*Asks:* 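Shown below is the structure under consideration.
This one's a predicted model, so the numbers in the text were calculated from it and none came from an experiment. Numbers restart at 1 for each chain; the letters A, B, ... are given by sequence-line order, proteins then strands.
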There are 2 protein chains.
Amino acid sequence: MKNKIQVQPVMDALEIIGGKWKFPILYSLCGGKKRFKDLLEDIGKITPKMLSSELKSLECNGLVSRKAIATVPVTVEYELTEYGETLEPLLRHIQAWGINHRKKIIDSIK
Amino acid sequence: MKNKIQVQPVMDALEIIGGKWKFPILYSLCGGKKRFKDLLEDIGKITPKMLSSELKSLECNGLVSRKAIATVPVTVEYELTEYGETLEPLLRHIQAWGINHRKKIIDSIK
DNA sequence: CGGCATCCACAATGATACTG
DNA sequence: CAGTATCATTGTGGATGCCG
């Protein structure tokens, strides 16, 4: 009768994809490969320092791949790995919820 | 040809359900109404201070309802609101991803 | 039991400037 | 362009005590 809840896996997941910027970064990469600067612009308020360290963490956990191309100046492309793509439904779901939430807020003001 | 990505709604959603503890708290409440102490035990490492402030924030955003029952000592029950329940699929999805992720890590060690 | 208040410590994040 | 270095600010965590 008692609903057994296992919170631990949620905590595990958040260790990888938690934090302030990982979802936005991953969501931005749902749109296909992006350069460092594209990510900065997509996300808007993130600083280069945070973006850099978050990308490093995501790369370390196998969710994102980094490819440096030796042009002048340098070009670097970031992309979701196959494993990272397993998060796409989740990311789109969050985005959809966010859109709906904003709509709800606007309605509540009128 | 260019995939237009709107990251902003993701940021909006994370303002409400982001942070270190909100997903675990909400996920724990997927199992039905819980008392303050039950939440503390479910989540494990959270302190009363953090739990209290996070619950207040969630209540403020209409995701969680609080009901105090005048027993001695006091009983307080927290529950997902109807609006909070719209997050259930998302929460279960994250949990499932976390379980799968742990499995992947274990496999990679063997 | 279910909190809130206070104080302290430290990690995460941010602003700005600078470099290969 | 794609970051790194440095410094300042904020967020989060812990301990303790108090109260309805």
Side-chain angles (χ1 to χ4, degrees), chain A residues 7-8 10-29 31-61 64-80, chain B residues 2 7-8 10-26 28-29 32-61 63-80:
Chain A
V7 176
Q8 192 53 46
V10 177
M11 305 288 288
D12 292 345
L14 291 179
E15 285 208 10
I16 313 301
I17 54 177
K20 193 166 181 176
W21 299 110
K22 300 220 177 63
F23 274 113
I25 291 169
L26 290 168
Y27 184 75
S28 174
L29 289 172
K33 64 177 69 165
K34 294 271 174 71
R35 301 176 59 176
F36 192 83
K37 196 172 195 212
D38 296 331
L39 287 170
L40 279 179
E41 285 170 7
D42 264 14
I43 299 170
K45 303 187 182 176
I46 194 172
T47 59
K49 182 173 100 174
M50 289 312 299
L51 180 55
S52 174
S53 75
E54 297 285 73
L55 282 169
K56 214 170 290 181
S57 160
L58 291 169
E59 193 189 352
C60 187
N61 286 301
V64 163
S65 67
R66 194 192 110 116
K67 186 165 55 173
I69 305 163
T71 52
V72 180
V74 193
T75 300
V76 181
E77 286 175 347
Y78 291 92
E79 191 173 8
L80 288 184
Chain B
K2 195 168 189 318
V7 176
Q8 192 54 47
V10 178
M11 305 288 287
D12 293 344
L14 290 179
E15 286 210 9
I16 313 300
I17 54 177
K20 192 167 182 176
W21 300 111
K22 300 221 178 60
F23 274 114
I25 291 169
L26 291 168
S28 174
L29 289 173
K33 61 178 69 165
K34 293 272 174 69
R35 299 177 60 177
F36 191 82
K37 195 169 195 210
D38 295 332
L39 288 169
L40 279 179
E41 285 171 7
D42 265 14
I43 299 170
K45 303 189 183 174
I46 194 170
T47 58
K49 183 171 95 174
M50 290 310 298
L51 180 55
S52 174
S53 76
E54 297 286 74
L55 282 169
K56 208 173 295 180
S57 160
L58 291 169
E59 193 190 351
C60 186
N61 285 302
L63 297 174
V64 163
S65 67
R66 194 193 112 115
K67 185 164 56 174
I69 304 165
T71 53
V72 180
V74 194
T75 301
V76 182
E77 287 176 346
Y78 291 92
E79 192 173 7
L80 288 184

*Asks:* Drop me the distance from A/L29's CG to A/S65's OG, to the nearest 0.5 angstrom.
*Replies:*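 Atom-to-atom, A/L29:CG and A/S65:OG are 9.0 Å apart.
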
*Asks:* According to a strict under-4.0 Å criterion, is B/R35 in side-chain N/O contact with OP1 or OP2 of C/dC1?
*Replies:*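 False: B/R35 side-chain N/O out of range (4.0 Å or more) of C/dC1 OP1/OP2.
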
*Asks:* Side chains of B/L55 and B/I25, heavy atoms from C-beta outward: is any pair under 4.5 Å?
*Replies:*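 Heavy-atom side-chain distance check passes, below 4.5 Å.
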
*Asks:* Can a donor-acceptor pair be found, under 3.5 Å and without considering hydrogens, that links the side chain of B/D42 to the backbone of B/L39?
*Replies:*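 Checked: no pair found.
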
*Asks:* Tell me the interatomic distance from A/L55, atom CG, to D/dG3, atom P, rounded to whole angstroms.
*Replies:*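 Rounded to whole Å, this separation is 8 Å.
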
*Asks:* So do B/M11 and A/Y27 actually touch side chain to side chain, heavy atoms under 4.5 Å?
*Replies:*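 With C-beta onward as the side chain, the pair stays apart.
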
*Asks:* Apply side chain to side chain contact (heavy atoms under 4.5 Å, CB included) to the pair A/V64 and A/E79, showing each step before the final yes or no.
*Replies:* CA-CA 6 Å; A/V64 163; A/E79 191 173 8; over 6 Å; no

*Asks:* If the threshold is 4.0 Å, N to carboxylate O, is there a salt bridge linking B/K33 and B/E77?
*Replies:*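 Salt bridge flag = yes for B/E77 with B/K33.
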
*Asks:* So what does A/T75 hit on the nucleic acid, given a heavy-atom distance under 4.0 Å: a base, only sugar-phosphate, or nothing?
*Replies:*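 Counting heavy atoms under 4.0 Å across all strands, the contact made by A/T75 is with sugar-phosphate only.
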
*Asks:* Can you tell me how far apart CD (B/E54) and CD1 (B/I17) are? Round to the nearest 0.5 Å.
*Replies:*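 Rounded to the nearest 0.5 Å, the CD-CD1 separation comes out at 12.5 Å.
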
*Asks:* If we fit an axis to the first five pairs and another to the last five of the helix from C/dC1-D/dG20 to C/dG20-D/dC1, what angle do they make, to the nearest 10°?
*Replies:*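 Result, rounded to 10 degrees: 60°.
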
*Asks:* Taking only nitrogen or oxygen atoms into account, show me every contact under 3.5 Å that the protein makes with nucleotides 16-20 of chain D, one pair per line with its distance.
*Replies:*
none

*Asks:* How far does CG of A/L51 sit from CG of A/L40, to the nearest 0.5 angstrom?
*Replies:*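 One gets 5.0 Å once the value is rounded to the nearest 0.5 Å.
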
*Asks:* Enter the distance from A/K45:NZ to A/M50:CE here, rounded to the nearest 0.5 Å.
*Replies:*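 Output value for this atom pair is 15.5 Å.
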
*Asks:* Quickly work out the A/F36 CZ to D/dA2 C1' distance and round it to whole Å.
*Replies:*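 Answer to the nearest Å: 6 Å.
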
*Asks:* Closest heavy-atom contact between B/P24 and A/L14?
*Replies:*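 Residues B/P24 and A/L14, closest heavy atoms: CD-CD1, 3.5 Å.
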
*Asks:* Which nucleotide wins on minimum distance to the side chain of A/K37, given the candidates C/dC4, C/dG3, D/dC1?
*Replies:*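 Closest of the options to the side chain of A/K37: D/dC1.
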
*Asks:* If I take atom CG in residue B/L51 and atom C1' in nucleotide C/dG2, what distance separates them, rounded to the nearest angstrom?
*Replies:*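 Atom-to-atom, B/L51 to C/dG2, this comes out as 10 Å.
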
*Asks:* How long is the straight-line distance from SG of B/C60 back to CZ of B/R66, given to the nearest 0.5 Å?
*Replies:*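 Spacing of CZ (B/R66) from SG (B/C60) equals 13.5 Å.
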
*Asks:* Please give, in whole Å, the distance from D/dA2 C1' to A/D38 CG?
*Replies:*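 From A/D38 CG to D/dA2 C1': 12 Å.
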
*Asks:* Taking only side-chain nitrogens and oxygens of A/Y78, does any of them come within less than 4.0 Å of OP1 or OP2 of D/dG3?
*Replies:*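 So the side chain of A/Y78 is within the cut-off, an N or O lying under 4.0 Å from OP1 or OP2 of D/dG3.
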
*Asks:* Expressed in angstrom and rounded to an integer, what is the separation of A/E41 atom CD from D/dA2 atom P?
*Replies:*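 Result: 10 Å.
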
*Asks:* So, does B/R66 get its side chain near the phosphate of C/dG3, meaning an N or O under 4.0 Å from OP1 or OP2?
*Replies:*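 For C/dG3, OP1 or OP2 has a side-chain N or O of B/R66 closer than 4.0 Å.
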
*Asks:* Measure the distance from CD1 on B/I43 to C1' on D/dT12 and round it to the nearest whole Å.
*Replies:*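 Rounding to the nearest Å, CD1 of B/I43 and C1' of D/dT12 are 15 Å apart.
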
*Asks:* Distances under 3.5 Å between protein N/O atoms and the N/O atoms of nucleotides 12-19 of chain C, please, pair by pair.
*Replies:*
unit_1	atom_1	unit_2	atom_2	d
C/dG14	OP1	A/K20	NZ	2.9
C/dG14	OP2	A/W21	NE1	2.9
C/dG14	N7	A/K49	NZ	3.2
C/dG14	O6	A/K49	NZ	2.3

*Asks:* To the nearest 0.5 Å, tell me how far A/Y78 OH sits from A/E59 CD.
*Replies:*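 Answer rounded to 0.5 Å: 6.5 Å.
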
*Asks:* Please tell me if B/K56 has a side-chain N or O lying less than 4.0 Å from either OP1 or OP2 of C/dG3.
*Replies:*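 False: B/K56 side-chain N/O out of range (4.0 Å or more) of C/dG3 OP1/OP2.
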
*Asks:* Using atom NZ of B/K22 as one end and atom C1' of D/dT12 as the other, report the distance to the nearest whole Å.
*Replies:*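 Going from B/K22 (NZ) to D/dT12 (C1'), I get 12 Å.
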
*Asks:* Could you check how far CG of B/L40 sits from P of C/dC4, rounded to whole Å?
*Replies:*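 So the CG-P distance, B/L40 to C/dC4, works out to 12 Å.
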
